[in-house]
A.B. asks: 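One structure, as structure tokens, below. Some questions next.
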Protein chains: 2
Amino acid sequence: MSETLDTVFAALADPTRREILRMLLEDDMAVTDVAEPFEMSLAAISKHLVILTRAGLISQEKRGRVKWCKLEPDALRDASVWMQGFGQFEPVNLDAFERFLASEMPKQD
Amino acid sequence: MSETLDTVFAALADPTRREILRMLLEDDMAVTDVAEPFEMSLAAISKHLVILTRAGLISQEKRGRVKWCKLEPDALRDASVWMQGFGQFEPVNLDAFERFLASEMPKQD
DNA sequence: CCCATATTTAACCATCTGGTTGACGAACAT
DNA sequence: ATGTTCGTCAACCAGATGGTTAAATATGGG
């Protein structure tokens, strides 16, 4: 059903990949620049970027020789929604959903 | 840094474990009852429960022969906070919410 | 064309994962 | 005491994961 959650959560389960996402939060980056602060090969980083891309968490666009990596935070939405379902512990009934909705609605911007 | 995020996200990256959490949202359950709806061995479910326990997402308490599993939704807080750092995706829209609802419904076909 | 830069691919390796079956221990019931 | 139910443990397996190095594939610049 939601293979997306599988791949998103799996992608987030690695500290290197979370750090990459954090870096991309500041700005788009070329693959080489993403790799620079890590003490691992460029090939390893390239693999991590593939995993992040397949999870939809980043997108990559090639301009010339350089492939730019861009954060795609929308991909976190489903996962975030799933997790927030557990924030309202207690019942799983519609009341909880309504409270959830009510608490989210005003923040529409 | 936070090994916790590793284990929490890794625990969430499996559909069986997410379904177990969903079941526990309704009520505490014995291990055997957790395993019942799944088409896999009790031993396999037992392993999944260990992973969820180590991630802090559930707790287990033995009363007599029966080991009860209890959801610990607080463990999701750190992960949730981390994700909200990417909060460019503004809150939850109804579309996403409907998907959440659907995921909470008992499986059909 | 030749060379350097940017990135991926290929082959390999060690370890982790998710599943199996079967044996085991612990707690109850009769 | 014997057996049954509950759950874990041990050994095993196939496949995924995270890393390596070395070769290959663009692309851009003298």
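These values consider heavy atoms only, across backbone and side chains, with no hydrogens, waters or symmetry-generated copies. Reminder, nothing fancy here: chain letters follow the sequence lines and each chain counts from 1.
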A.B. asks: Rounded to the nearest angstrom, tell me the gap between atom CG in A:L42 and atom C1' in D:dT21.
C.D. replies: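 That distance rounds to 13 Å.
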
A.B. asks: Starting the side chain at C-beta, find the nucleotide from D:dG7, D:dC6, D:dG18 nearest to A:D14.
C.D. replies: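 The nucleotide sitting nearest to the side chain is D:dG18.
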
A.B. asks: Using atom CZ of A:R17 as one end and atom C1' of D:dG18 as the other, report the distance to the nearest whole Å.
C.D. replies: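 Those two atoms, CZ and C1', are 8 Å apart.
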
A.B. asks: First and last nucleotide of DNA chain C in contact with chain B, 5' to 3', at under 4.0 Å to a heavy atom: what are they?
C.D. replies: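 Under 4.0 Å from chain B, the extent on DNA chain C is C:dG18 to C:dC28.
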
A.B. asks: Send over the distance from B:R54 CZ to D:dT8 C1', rounded to a whole Å.
C.D. replies: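 Taking atom C1' of D:dT8 as the reference, CZ of B:R54 is at 13 Å.
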
A.B. asks: Could you state the CG-P distance from A:L49 to D:dG18, rounded to the nearest angstrom?
C.D. replies: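 Those two atoms, CG and P, are 13 Å apart.
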
A.B. asks: Need one value for B:A43: base, sugar-phosphate or nothing, where a base atom within 4.0 Å counts as base even if backbone is also close, heavy atoms only.
C.D. replies: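 Base: the residue B:A43, judged by heavy atoms under 4.0 Å, touches a nucleobase.
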
A.B. asks: Could you check how far CD of B:E36 sits from P of D:dC6, rounded to whole Å?
C.D. replies: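 Interatomic distance, CD of B:E36 to P of D:dC6: 12 Å.
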
A.B. asks: Mind calculating the distance between CZ (A:R63) and C1' (D:dT27) to the nearest angstrom?
C.D. replies: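 Rounded to whole Å, this separation is 15 Å.
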
A.B. asks: It should be established whether A:S41 places a side-chain nitrogen or oxygen under 4.0 Å from OP1 or OP2 of nucleotide D:dT20.
C.D. replies: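 For A:S41, the contact criterion (side-chain N or O under 4.0 Å from OP1 or OP2 of D:dT20) is met.
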
A.B. asks: Assign each of A:R65 and A:Q60 to its nearest nucleotide of DNA chain C by heavy atoms, then name whichever residue's nucleotide is nearer the 5' end.
C.D. replies: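 Going by which nucleotide is closer to the 5' end, it is A:R65.
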
A.B. asks: Round to the nearest Å and state the distance from B:E61 atom CD to D:dC6 atom C1'.
C.D. replies: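 Taking atom C1' of D:dC6 as the reference, CD of B:E61 is at 16 Å.
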
A.B. asks: What nucleotide, of D:dG19, D:dG18, D:dC6, holds the atom closest to the side chain of A:K47?
C.D. replies: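 Side chain of A:K47 sits closest to D:dG19.
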
A.B. asks: Indicate, with yes or no, if B:M40 and B:V31 share a hydrophobic cluster defined by side-chain heavy-atom contacts under 4.5 Å among Ile, Leu, Val, Met, Phe, Trp and Tyr.
C.D. replies: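 Result: yes, single cluster for both.
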
A.B. asks: Please state how far atom CG in B:D33 lies from atom C1' in D:dT5, giving the value in whole angstrom units.
C.D. replies: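 Value for this atom pair: 12 Å.
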
A.B. asks: Taking five pairs at each end, how big is the angle between the two axes of the helix from C:dC1-D:dG30 to C:dC24-D:dG7, to 10°?
C.D. replies: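 The angle separating the two end axes equals 20°.
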
